[in-house]
There are 2 protein chains.
Amino acid sequence: MKRPTMKDVARAAGVSPMTVSRAVSGEPGVSPGTAARVEQAVRQLGYQRNDNARNLRRKIPGTSTIGLVVDDLANPFYALMARSVEDEAHRRGCLVLVGSTNDEPRREREVIAAFTARQVDGLLLVPTIGGHGFLKQPMEGGTRVVCVDRPAKGLAVDTVTVDNRAGAERAVRHLLAQGHTRIAYLGDRFGIWTQRERHAGYRDALAAHGIPEDPALVRHDLRSRSDAAAALAALRALPGPPTALFTTNDVITMGVMGALGPADRVDVVGFDDFPLADRLSPPLSVVSQDPVALGATAAHLLFSRIDGDRSAPRSVVLLTRLIVRGPGQRGS
Amino acid sequence: MKRPTMKDVARAAGVSPMTVSRAVSGEPGVSPGTAARVEQAVRQLGYQRNDNARNLRRKIPGTSTIGLVVDDLANPFYALMARSVEDEAHRRGCLVLVGSTNDEPRREREVIAAFTARQVDGLLLVPTIGGHGFLKQPMEGGTRVVCVDRPAKGLAVDTVTVDNRAGAERAVRHLLAQGHTRIAYLGDRFGIWTQRERHAGYRDALAAHGIPEDPALVRHDLRSRSDAAAALAALRALPGPPTALFTTNDVITMGVMGALGPADRVDVVGFDDFPLADRLSPPLSVVSQDPVALGATAAHLLFSRIDGDRSAPRSVVLLTRLIVRGPGQRGS
DNA sequence: GTGAAAGCGCTAACAT
DNA sequence: ATGTTAGCGCTTTCAC
């Protein structure tokens with residue numbers, strides 16, 4: 001059975017399609033009597049307005065739809081962010097298209113192209129490593145863009161990030177204060193902006209204590225829990241193994257903690273907090289960031305752009321918090 | 001600056017809009033020469049086809065968009081499912097609109113109405129407690145629906161679930177085999193189908209051992225980690241406290257594990273596995289289900305429906321796996 | 001308060 | 001190989 005249209009409703013109610021349009025969209029100029037007859041026909045036929053057709057003709061531009069493009073929707077961090085974005089959108093009567101990029105520039109382009117082809121009003125983007133020049137033309141066409149978690153190189157748009165470098169520096173400073181001098185760095189691909197920042201923070205802290213960075217203790221490119229576990233094993237097999245670890249995201253932290261036992265005496269600080277992180281042994285300290293705040297802030301920025309804000313692009317930096325666990329506990 | 005249309009491209013390339021349409025959509029009947037000129041104009045103007053307008057006119061029906069409606073996108077379980085669905089959709093060149101219901105029937109209706117107004121080809125639905133009669137008319141209009149995780153009462157659609165009852169029964173049987181007789185049940189709202197099933201499995205196991213259900217040991221309506229922690233505290237304050245716990249979802253399990261210490265001697269089995277669950281103490285056994293398989297299976301069913309499969313609705317039941325950890329470890 | 005005509009951006013069907 | 005006409009489902013505009 002085909003979906004009924006306004007014409008069908010009009011016929012059933014004995015009025016013109018235009019009157020149905022007005023009634024269905026709650027516009028003035030429909031007498032209570034006709035409105036009732038229209039509503040009756042609507043219910044009987046199970047009519048629902050086709051918003052795609054509507055948006056095509058409406059003078060008020062926009063589709064009340066935004067696109068959310070993240071690295072990996074399955075990652076709890078982005079999942080929390082996505083939920084927060086969705087809540088803000090829902091509050092505005094806006095829908096959310098989602099896409100994961102896997103950090104592949106090619107998939108990012110495909111997803112974004114499909115989104116803009118659907119005329120999304122805006123894009124909330126966790127940019128991949130690749131360039132983003134291809135966004136220029138959609139933006140001139142009216143698609144608003146806001147970056148979250150990482151900036152997009154060479155793209156003048158609002159950006160919401162956290163103080164990655166300072167957070168990492170504080171984490172490593174904490175380890176140094178515990179007397180550690182051989183602190184390993186376990187990170188994801190160096191191409192990712194957050195990873196470069198966190199690495200810089202690691203170096204900052206070491207430098208402040210006059211400790212040279214030992215390349216043997218620095219591992220990049222850890223893309224999974226098993227990568228991290230393998231890197232840890234390699235580090236511990238070193239002649240001078242590290243006595244403390246700094247892990248730069250939740251996946252790596254989990255990989256490392258999964259490979260450590262209660263008997264292992266290493267101090268670990270990880271970027272990102274997660275449920276039950278406080279119940280592990282050896283104890284795990286974390287640099288905690290707030291994905292919900294990240295998502296909500298970015299969504300607000302995007303919506304104010306969609307609402308017509310044409311001021312210069314802003315950069316919002318949210319703060320991280322060091323949570324020390326185990327002996328030497330401090331709080332913040 | 002306004003978005004260019006086919007007319008603009010046609011003018012720039014010195015051809016008719018129809019030729020642009022053919023060229024842009026890769027249809028035959030365009031000479032290489034004109035195709036090149038069109039492509040040139042497209043690039044210069046930054047033209048992108050408006051797929052909403054396109055879908056309006058196309059004979060091939062459909063928008064290549066599906067709607068995913070889950071309880072809570074931030075829950076790691078649904079996040080994994082969502083990612084899996086998105087991957088399947090991406091493979092088919094299909095986009096995904098997401099919405100969380102919070103298990104509120106009203107929000108579910110709003111989200112679904114907004115999705116169908118956008119002419120989604122299908123709906124992947126984790127139904128709320130409420131009724132779903134309102135789906136009848138969209139379905140007659142051609143919107144395909146598949147339920148995941150839970151069935152929708154009184155709705156004849158494909159459904160993908162796990163063997164909740166058997167999984168719960170096996171979990172509790174394991175605890176009984178360890179010699180426990182006072183096994184507490186900590187569950188979410190009883191209105192949720194999975195919870196009723198899991199509770200039935202709990203009773204099955206007890207009954208098989210001739211143990212009557214002790215109402216004092218059964219707690220429903222635990223909706224957060226703190227609810228679970230509070231319920232646990234109440235249980236332990238009982239004159240005859242439980243010696244083992246069965247927790248019926250990841251949130252409750254985390255709440256309980258967060259409140260227990262290594263010194264606590266209780267056996268715990270939880271429904272749902274999660275990262276590092278194997279590193280906790282006291283040890284945590286789990287009934288593990290596979291959210292990725294759940295999502296992928298449901299997506300496959302939905303797409304075959306969208307592709308025209310009109311056979312009778314199917315019910316697919318995936319299997320859970322008991323993972324025993326700590327002393328008494330077995331494997332499956 | 002209601003309706004007829006035109007057109008949003010695109011494509012099916014029929015020309016040429 | 002290319003163009004013309006009509007119309008998808010809706011809303012704008014302007015009549016009455």
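All values reported here derive from a predicted model rather than from experimental measurement. Per chain, numbering begins at 1; letters A, B, ... match sequence-line order.
- Checking the phosphate oxygens (OP1, OP2) of C:dT11, a side-chain nitrogen or oxygen of B:Ser25 falls inside 4.0 Å.
- Spacing between atom CZ of B:Arg3 and atom P of C:dC8 amounts to 16 Å, rounded to whole angstrom units.
- Proximity of B:Thr34 to the phosphate of D:dA1: no side-chain N or O atom is located under 4.0 Å from OP1 or OP2.
- Across all their heavy atoms, B:Arg107 and B:Thr101 have their closest contact at CB-O, 3.7 Å.
- C:dG9 atom P lies 12 Å from atom CZ of B:Arg11, rounded to whole Å.
- Defined by atom type and a distance below 3.5 Å, a donor-acceptor pair is missing between the side-chain atoms of A:Thr65 and A:Arg118.
- Separating the CZ atom of B:Arg37 from the C1' atom of D:dA1 is a distance of 12 Å, rounded to the nearest angstrom.
- Electrostatic pairing of B:Arg150 and B:Asp71 counts as a salt bridge here, judged by a charged N lying under 4.0 Å from a carboxylate O.
- We find that CZ of B:Arg118 is positioned 15 Å from C1' of D:dG9, with the value rounded to whole Å.
- Atom CD in B:Glu27 sits about 12 Å away from atom C1' in C:dC10, given to the nearest Å.
- Position along DNA chain D of the nearest nucleotide to A:Lys59 versus A:Leu56 favours A:Leu56 as the more 5'-ward residue.
- At whole-Å resolution of the value, CZ in A:Arg49 and P in D:dT11 are 6 Å apart.
- Side-chain nitrogen and oxygen atoms of A:Lys7 include none within less than 4.0 Å of the OP1 or OP2 phosphate oxygen of D:dT11.
- Where B:Arg57 and B:Arg22 meet DNA chain D, the nucleotide closest to each residue was compared, and B:Arg22 sits on the side nearer the 5' end.
- Phosphate proximity of C:dT2 to A:Ser31: present, with a side-chain N or O under 4.0 Å from OP1 or OP2.
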Margin query: Let's go through B:Asp158 and B:Arg305 carefully: what are the C-alpha distance in whole Å and the side-chain angles of both, what is the deciding distance for salt bridge (charged side-chain N to carboxylate O under 4.0 Å, His left out) to 0.1 Å, and is it a yes or a no?
Written below: CA-CA 9 Å; B:Asp158 294 330; B:Arg305 292 302 181 180; 2.6 Å; yes
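- Side-chain contact, B:Glu86 with A:Ser100: a donor N or O sits under 3.5 Å from an acceptor N or O.
- Taking atom NZ of residue A:Lys2 and atom C1' of nucleotide D:dG7, one finds them 12 Å apart after rounding to whole Å.
- An OP1 or OP2 oxygen of C:dT2 is reached within less than 4.0 angstrom by no side-chain nitrogen or oxygen of A:Ser16.
- Residue B:Ser21 has a polar side-chain atom (N or O) positioned under 4.0 Å from OP1 or OP2 of C:dT11.
- Remark: P of D:dT12 and CZ of A:Arg58 are 7 Å apart, rounded to the nearest angstrom.
- Here the side chain of B:Met18 is nearest to one of C:dT2, C:dG9, D:dT4, namely D:dT4.
- Regarding contacts with the backbone of D:dT11, a side-chain N or O of A:Arg54 is found under 4.0 angstrom from either OP1 or OP2.
- Between C:dC10, D:dT13, C:dG1, one nucleotide has an atom nearer to the side chain of B:Asn50 than all others, and that is C:dC10.
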